[in-house]
Amino acid sequence: MKLISLHQWNVDLSTAKSLQEKLRERIEIRRFDGSIHSIAGADVSYSAATSSNYAAVVVMNYPEMDELESITAAGRVSFPYVPGYLSFREAPILLEVFSKIKTRPDVVLFDGQGIAHPRGMGIASHMGLFLDIPTIGCAKTRLIGTYEPVPVHRGAHVPLWYHDSIIGAVIRSRTGVKPIYISAGHKITLHEALKIIFDTANRYRLPEPVRAAHHLANQLRMKYERK
DNA sequence: GCGACAG
DNA sequence: ATCTTGTCGC
C-alpha cells in the first residue's frame, strides 16, 4: 500500500506538539462518499522487557466481518508514552504494517482517539492523514472531554464535549459493559463512525477488527518473547 | 499551583 | 500498556 511520506518521529515533545498543530489543519471531517466493503482494525502490543512494539492490522469484509487479510510487524520503541503523543510511539510500527498490506481498506479503526484529543490529532487522525484513508478513533478510556452518564443498554450514546463543541461520543456497545469513546479520525463524520462502530461491535465491547488486531499483536508478542 | 492524563 | 489470582455473574 502506498504511504504518504511525511514521517517525522524523531522529535522532542515541543516539536511534536507543533507538528500536531500543523497536521490538524489538514484533517477533514466530512461525509464518506462511496460504499464500504472492507474495514481494518489496527493495534499495537508493547513489551517492556525488550522495549519492543508488535503491531497488527486485520482487514475484514463488511458487513460479513470475515477476515480478508492480516499482517504484523515488530520493532524497537524509541519514544516514551506521554498522554497526547501516542502517535509518536505507535505510528512508526503501524506505518510499517500498512506498507506491507495488500488490500486497501475503505475504513480503518484504531485503538485510541481520533479528534478527541487536546490538539485534535489523536492516533486515528494522525494515521488517517498518512494513509489517506477514512479512520475512526475507538478508545477504551477517556483522554479529554466531558459527558453525561451513558444509559446501560447497548446502543446508548452521549456526546463527548470539549470547549462547547462535540468532539466524539461515549457509547455502550454491549449492555452492562464499560462504554467506549468514539471520535472521527479523518475523512468521516461522527455520525458515520457511530454506525460503523455499532455494526462491527456486536459480540464484544470492541469492534471485531480492533479486537482481532489486538489479539494478533498480543499473539506475536508472546511468540517473540516466549511467555 | 494542582489535578488529569489514549496506550 | 504490562503484571497477576481469584472471583462474580450470565
Side-chain angles (χ1 to χ4, degrees), chain A residues 9 13 16-17 19-20 23-24 27 41-57 72-95 97 108-129 135-147 152-154 160-163 167-186 190 193 197 202-207 209-211 213-227:
Chain A
W9 307 117
L13 276 187
K17 183 177 179 181
L19 179 58
Q20 288 179 333
L23 292 175
R24 175 186 203 165
I27 288 296
D43 194 25
V44 175
S45 179
Y46 172 68
S47 167
T50 60
S51 299
S52 301
N53 265 348
Y54 298 91
V57 172
T72 61
R76 303 296 298 280
V77 178
S78 53
F79 206 88
Y81 170 68
V82 182
Y85 300 90
L86 182 64
S87 304
F88 295 87
R89 184 177 172 81
E90 298 194 344
I93 194 67
L94 284 173
L95 284 172
V97 194
V108 186
L109 278 37
F110 288 90
D111 188 343
Q113 315 290 347
I115 62 171
H117 175 279
R119 290 164 294 285
M121 278 299 297
I123 192 165
S125 299
H126 208 143
M127 289 296 299
L129 268 183
T135 58
I136 299 172
C138 179
K140 299 182 293 301
T141 60
R142 184 199 74 104
L143 176 59
I144 58 166
T146 59
Y147 58 96
V152 74
H153 294 97
R154 167 179 161 81
L160 180 61
W161 295 89
Y162 189 62
H163 291 171
I167 58 172
V170 188
I171 78 164
R172 196 79 68 171
S173 51
R174 296 211 49 177
T175 300
V177 302
K178 284 168 53 179
I180 55 181
Y181 303 74
I182 306 302
S183 56
H186 183 48
L190 177 61
I197 295 300
N202 280 179
R203 312 163 54 186
Y204 307 98
R205 180 165 83 115
L206 297 178
V210 174
R211 193 171 181 279
H214 183 86
H215 185 77
L216 185 55
N218 263 324
Q219 205 166 272
L220 184 71
R221 176 174 60 82
M222 290 190 278
K223 174 186 163 190
Y224 268 72
E225 311 274 328
R226 275 280 162 251
K227 50 183 282 192

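Chain naming here is simple, since letters A, B, ... match the order of the sequence lines and numbering starts at 1 in each. Just so we're clear, the structure is a prediction, and the values are computed from it rather than from any experiment. Heavy-atom basis, side chains included; hydrogens, waters and symmetry copies ignored.
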Integer-rounded Å distance: C/dC3 C1' and A/M222 CE: 13 Å
Within-4.5 Å side-chain heavy-atom neighbours: A/Y54 and A/K223: no
OP1 or OP2 of C/dT2 less than 4.0 angstrom from a side-chain nitrogen or oxygen of A/S45, does that happen here? yes
Taking only residues two or more places apart in sequence, or in another chain, which ones meet A/Y46 in a side chain to side chain donor-acceptor pair (under 3.5 Å)? none
For a 4.5 angstrom cut-off between non-hydrogen side-chain atoms, does A/L220 reach A/S45? no
Which parts of residues 113-126 of chain A get close to DNA chain B, meaning a heavy atom less than 4.0 angstrom away? A/Q113, A/H117, A/G122, A/I123
So, do A/R89 and A/V82 sit near enough that their side-chain heavy atoms are less than 4.5 Å apart? no
Its 5'-most and 3'-most nucleotides having an atom under 4.0 Å from a non-hydrogen atom of chain A, DNA chain B is contacted over B/dA4 to B/dG7
So salt bridge (charged side-chain N to carboxylate O under 4.0 Å, His left out) across residues 111-120 of chain A, not counting sequence neighbours, yields A/D111-A/K140
Does A/P179 offer a backbone N or O that forms a donor-acceptor pair with the side chain of A/R205 under 3.5 Å? yes
Minimum side-chain heavy-atom gap A/L95-A/M127 below 4.5 Å: yes
Contacts of A/R174 that satisfy side-chain contact (heavy atoms from CB on, under 4.5 Å) - sequence neighbours left out: A/V177
List the steps and the verdict of side chain to side chain contact (heavy atoms under 4.5 Å, CB included) for A/R154 and A/N202. CA-CA 9 Å; A/R154 167 179 161 81; A/N202 280 179; 2.7 Å; yes
Check whether any side-chain heavy atom of A/Y147 lies under 4.5 Å from a side-chain heavy atom of A/R142, and answer yes or no. yes
Residues in contact with DNA chain C, drawn from residues 213-220 of chain A - heavy-atom cutoff 4.0 Å: A/H214, A/N218
Could you give me the CA-CA distance, side-chain angles and deciding distance for A/Y85 and A/F79, then say whether ring pair (Phe, Tyr, Trp, His ring centres under 6.0 Å) is met? CA-CA 9 Å; A/Y85 300 90; A/F79 206 88; 7.0 Å; no
Regarding A/A139, tell me which of base, sugar-phosphate or nothing describes its non-hydrogen contacts under 4.0 Å with the strands shown. sugar-phosphate
Taking Watson-Crick (N1-N3 plus N6-O4 or O6-N4) and G-U wobble (N1-O2, O6-N3), each under 3.5 Å, can you produce the dot-bracket string of DNA chain C? Use [ ] for crossing pairs and | for inter-strand ones. ..........
What's the verdict on side chain to side chain contact (heavy atoms under 4.5 Å, CB included) for A/T50 and A/Y224, showing C-alpha distance, side-chain angles and the deciding distance? CA-CA 10 Å; A/T50 60; A/Y224 268 72; over 6 Å; no
Between protein and nucleotides 5-10 of chain C, map the contacts as a letter string: B base, S sugar-phosphate only, - none, heavy atoms under 4.0 Å, written 5' to 3'. ------
Indicate, with a heavy-atom threshold strictly under 4.0 Å, whether A/G137 touches base, sugar-phosphate, or nothing. nothing
Based on Watson-Crick and G-U pairs with both distances under 3.5 Å, what dot-bracket line describes DNA chain B 5' to 3', crossing pairs as [ ] and inter-strand pairs as |? .......
Who passes side chain to side chain donor-acceptor pair (under 3.5 Å) against A/T72, sequence neighbours left out? none
With sequence neighbours left out, the residues meeting side-chain contact (heavy atoms from CB on, under 4.5 Å) with A/A116 are A/Q113, A/L160, A/I167, A/S183
Nearest-0.5 Å distance, OG of residue A/S173 to CD1 of residue A/I197: 9.0 Å
Taken to the nearest 0.5 Å, the spacing of A/N53 CG from A/I93 CD1 works out to 6.5 Å
Any chance you could lay out the side chain to side chain contact (heavy atoms under 4.5 Å, CB included) test for A/L206 and A/H214, step after step, and finish with the verdict? CA-CA 10 Å; A/L206 297 178; A/H214 183 86; 5.8 Å; no
Beyond-backbone contact of A/P209 with A/V108, side-chain heavy atoms, under 4.5 angstrom: no
Begin from the C-alpha positions of A/H117 and A/Q20 and carry the test side chain to side chain contact (heavy atoms under 4.5 Å, CB included) through to its verdict. CA-CA 10 Å; A/H117 175 279; A/Q20 288 179 333; 3.6 Å; yes
State the CG-CE distance between A/L19 and A/M121, to the nearest 0.5 angstrom. 7.5 Å
Any residue in residues 75-83 of chain A with a heavy atom nearer than 4.0 angstrom to DNA chain B? Just list them by number, or reply none. A/Y81, A/P83
